Amino acid sequence: MQSRASNIVAIIGVVLAFVPVVAVDLLLDSYVRQHETALMQHAVDNIGDRIEGSANDAVTVLRQVLGSNTPLCTPGFVANVRSAMQASLDVRDVLVENSSGVQYCDAFGGQVVYSPLSTSLSVPGHIESASLVKFDHVDMPMLKVTRSLGAERQVSAFVPILASSFDNLLSSLAPASMVRISLTNGTPVATLGDPTAYDARKSDADFVAAQSFAGEIPLRPEAAVPLEVVKANYGGLRVGLMMLACMLSAAVLVLVLQYVRRANLPAFSLEQAIAHGELKPYYQPVIDLVTGRLLGCEMLCRWEKKNGEIVPPGGFIDYAEQTGLAIPMTVSLMQQMRVDLSDLCREMPDLKISINLFEGHFRDTSIVEDVQAIFADSPVGLGQLVFEITERREIGNSAHAHAVIDGLHRLGARLAMDDAGTGHSNLAYLQTLGVDIVKIDRIFIDMIKPDSTQVPVLDGLISVARDLGKAVVAEGVETEAQVRYLRARGVHQAQGYLFAPALKARAFRELARALNKQPVAPGAVRSAA
Ligand code: MN
């Protein structure tokens, strides 16, 4: 369950990690399209304004010339025309003709050679009409704005549809842009750049495009450029954003990896296991080698995983100690033990229960408070508890260690030196730490062979302990030869597979009641497992 959830989280995390990279593409595309469309719209609006401005200029010149009522084509009329043109920015010529195209005069006293590009178009809201024409030798079409006088006479002013050159206009737009001015009926009248690709486009999304109107003049300027072309201008921005997105993706990936690693770390799952009560106390009997009766037990620990797997402490105790989880683990085990053994402790007031402490327990005195809180009002008496100090990690002679030992002593509990003679265990501490019991490590018991008459190191340990007034418990007793040897040396308490492994609570209670119901003859001690 735990690992499946973490796998799902990891998969979602990895997918999310790539969101920034994908988002950069989408966001940048959208930004480029929006930004470039706005620029292009501005450009074509400008074109529209210019055309409208030129047309208005033509209308102004016509009204000025005709407003004086000077007869057409008289020298006074031509003088008026010239002065009006001088004041105008855009008007190139003024022509008087009839409806059949017969010319009477123009501003320069010559013929105006032009050909029509469109029919005459009315300009909404004006009495003038407009048409597009082309002058010889001028590429740019001209707008011819015409006022009719009666049925016959027409006076027209000519203005280029773009006062400034297309070249200027194009330079303000991206390369590969297309600019086109069409009549509102769709007939193109001027084009710059190549509109082929735009006209053949499969989707509007491939281009940045804009169009505008020239006020009331029936002309429509438009412009377009392929999106890919303008996107190229944002290469630097794209690279920058991409790097940022990659860094973001990498950061998310690192977080996901850390989560996955943490989820698979024993410390992480051990924390969950303690919280979920998967760490169970097991009880290994301590037997009286003379009477065969059960004296008590050492509380050990098994990790009963939800999948049924049972992990012995060797697989997690080091982690528990390194991560500080040994402290909540011990609290949880003591709480469960109080429930498991309450009745048995009431029935057997002499029963002793050993609890393993770790180096971390000796850094402050919280263990003393925990023990008091758990056992103060419980059927498991504080005097029935033995706390084992193991020195797989050095505890030393610190003030904290002494405070813990004093505190536990004051509660009425006893203390044992576990695994005596191994690890950091220092024989000097046997004296200074104030322990009551010495538990002799199995490696010394293993030295007892069936024909052993003496085992000097073991014998030495036993006599040191006895000289210091400590009780002795032998650990890891596995053979009857070991039992005989220990009994001969006056060691009467032992635990080991010869008698029983660590048992579940129910099995331990049954064994305790069975062993202590009636006296067992010396020498009849056998494995009870
Ligand atoms: Mn122990």
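What's counted below: heavy atoms across the whole structure, side chains too, no hydrogens, waters or symmetry copies. Here, residue 1 is the first one in the sequence, and each next residue gets the next number. Both counts, for ligands and for their atoms, begin at 1 and track the order of listing. Keep in mind it's a predicted model, so treat the numbers as computed, not measured.
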Axial cation check for Y282 ring with R302, 6.0 Å and 45° limits
yes
Do the numbers put R201 on top of the ring of Y198, so that NZ or CZ is under 6.0 Å from the six-membered ring centre and no more than 45° off the axis?
yes
Is the Mn ion (ligand 1) less than 2.8 Å from an N/O/S atom of E388, whether that atom is in the backbone or a side chain?
yes
Please find the N/O/S atom of D418 nearest to the Mn ion (ligand 1) and write down its name.
OD2
Does the Lys NZ or Arg CZ of R489 fall within the cation-pi geometry relative to Y485 - under 6.0 Å from the ring centre and within 45° of the axis?
yes
Would you say E298 has an N, O or S atom lying under 2.8 Å from the Mn ion (ligand 1)?
yes
Residues 432-456 vs ring-ring contact (aromatic ring centres under 6.0 Å, His included), sequence neighbours excluded, gives none
Counting backbone and side-chain atoms alike, is an N, O or S atom of S354 positioned under 2.8 Å from the Mn ion (ligand 1)?
no
